[in-house]
Amino acid sequence: MSITSENKSLILDSFSGIFKLQKEARNVARSEAPHMGGIYSPVRLFGGQTAAQFQLAFRKLFSKLVVHTLKVNFIGPGNLKDPISYDFHRVPGTNFAIANAVQNKKNIATAKIRYGPSSDLLDQSPYFMPLIRNPLSYGSLRERLHFKDEFTQKLLRQFSVKSFIFDIRPVDFKQLTHMRNPFEPILLWCTLTSLHKKSRVPMDGPTVISILGDCMMVFNARLQIMNLAKITEFAAGASLNHTIWFHAMEGIDPKGWFLYETRCNRISNTNSVIEGRIFDEKGKCLMTVLQECYLKAKM
């Protein structure tokens, strides 16, 4: 699957724009277009951008504070063309802040942030990185985009945009495409593509892994529903809420390799809950993610 030079430039601009937040007021930061599109609807704002910019905006506005947890509720769809304002209100006498993402005078997302000193981060995770080979031992997903099987090709199209942002290397390709073991997680080695690594825009590790942390969530739930209910076509899909626990905020190389682990063990009607973890190449757990998503089968 190829991508035009124009689309490649748009993908790079929308990704770089995530890091170009401007301080608009003491408690407000602003993000200019173009924004990043979602997996299921390319014209709808990607929820991973919203989550990433909530934590980045907070850190830019309150540079002495460290984000511990972030919970985002997606209220309505955002578009890719209009500016987004992130407005924060710290709750007096607590370590919490409430925030809104506003576009065209409408709230598109709300967030609750718990902050504190870096010494209080949940950095002693009981989760250990699975014993797998190094990233370059596995084939890149982009090499598989021409897979002959029509069913697999449909699934891989969901990654057609994100695979031009991240070099994605599945540890088990059959687990990614067919969920051959529903009780095992999907494991992906991920790093920014060489094009994005050459970007002159300053990047930071927490924001990069916040973007990555929403790239596979809905997809994992989709695979489980396909496996259990034998549904192959979906009319709609979206993130409903997204919670991040940061286990580290310093020493994260934005251009490094990350192991992205996701599993979905909770499904009910149209809603699913997906769990995820992101490790650095040395095996340190950097982030835990929990997301509730909506998937509607095509009738």
Rounded distance [0.5 Å steps], [atom1] in [X] versus [atom2] in [Y]:
X: N100; Y: Y86; atom1: CG; atom2: OH; result: 11.5 Å
X: N241; Y: N271; atom1: CG; atom2: CG; result: 9.0 Å
X: Q291; Y: T243; atom1: CD; atom2: OG1; result: 9.0 Å
X: I209; Y: C215; atom1: CD1; atom2: SG; result: 12.5 Å
X: M217; Y: I186; atom1: CE; atom2: CD1; result: 11.0 Å
X: I84; Y: Q103; atom1: CD1; atom2: CD; result: 4.5 Å

Could you tell me whether the side chain of [Y] reaches within less than 4.5 Å of the side chain of [X], counting heavy atoms only?
X: V171; Y: L188; value: no
X: L290; Y: I274; value: no
X: I18; Y: S31; value: no
X: Q55; Y: I244; value: no
X: N104; Y: N79; value: yes
X: L187; Y: P170; value: no
X: T191; Y: R169; value: no

[X] side chain vs [Y] backbone, donor-acceptor pair below 3.5 Å:
X: Y138; Y: R133; result: yes
X: N134; Y: L136; result: yes
X: Q49; Y: M36; result: yes
X: H247; Y: L122; result: yes
X: E32; Y: G17; result: no
X: W245; Y: L286; result: no

Worksheet item: Looking at residues at least two apart in the chain, or sitting in another chain, which of them share a side chain to side chain donor-acceptor pair (under 3.5 Å) with Y260?
Response: none
Worksheet item: Mind checking what makes side chain to side chain donor-acceptor pair (under 3.5 Å) contact with T262, not counting sequence neighbours?
Response: N220
Practice prompt. Could you work out the complete set of other residues in the hydrophobic cluster of V91, with links drawn between I, L, V, M, F, W and Y side chains under 4.5 Å apart?
Written response: F96, I98
Item to complete: Please write out which residues are connected to V28 in a hydrophobic cluster, directly or through intermediates, given that two of Ile, Leu, Val, Met, Phe, Trp, Tyr count as joined at side-chain heavy-atom separations below 4.5 angstrom.
Response: none
Fill in: Full working for side chain to side chain contact (heavy atoms under 4.5 Å, CB included) between M287 and F279
CA-CA 7 Å; M287 172 189 289; F279 301 83; over 6 Å; no
Worksheet item: What pair of heavy atoms forms the shortest contact from V66 to S118, and how long is it?
Response: CG2-N, 4.0 Å
Worksheet item: How far apart are the closest heavy atoms of P117 and H68, and which atoms are they?
Response: O-NE2, 2.9 Å
Worksheet item: What residues form a ring-ring contact (aromatic ring centres under 6.0 Å, His included) with Y115, not counting sequence neighbours?
Response: F58
Worksheet item: Would you say the side-chain atoms of D13 and S16 include a donor-acceptor pair closer than 3.5 Å?
Response: no
Item to complete: Answer yes if the side chains of D167 and S140 hold a donor-acceptor pair under 3.5 Å, and no otherwise.
Response: yes
Output every pair passing salt bridge (Lys or Arg N to Asp or Glu O under 4.0 Å) with a member in [range], not counting sequence neighbours, ordered by first then second residue.
range: residues 100-114; value: none
range: residues 258-274; value: E261-R277, R266-E275
range: residues 47-63; value: R59-D204

Practice prompt. Report the relative orientation of the aromatic rings in H242 and F74; use parallel for angles under 30°, tilted for 30 to 60°, perpendicular for over 60°.
Written response: tilted
Is there a path of hydrophobic side-chain contacts, each under 4.5 Å between heavy atoms of I, L, V, M, F, W or Y residues, that connects [X] with [Y]?
X: V67; Y: M203; result: yes
X: I108; Y: V102; result: no
X: F54; Y: I75; result: no

Worksheet item: For R26, what residues pass the side-chain contact (heavy atoms from CB on, under 4.5 Å) criterion, not counting sequence neighbours?
Response: none
Worksheet item: If you look only at pairs with a residue in residues 17-37, which of them pass as a ring pair (Phe, Tyr, Trp, His ring centres under 6.0 Å), with sequence neighbours excluded?
Response: F15-F19
N/O donor to acceptor pairs below 3.5 angstrom from side-chain atoms of residues 252-259, sequence neighbours left out:
{"unit_1": "D253", "atom_1": "OD1", "unit_2": "K255", "atom_2": "N", "d": "3.0"}
{"unit_1": "K255", "atom_1": "NZ", "unit_2": "K197", "atom_2": "O", "d": "2.9"}

Item to complete: Could I get the full list of salt bridge (Lys or Arg N to Asp or Glu O under 4.0 Å) partners for E184, not counting sequence neighbours?
Response: none
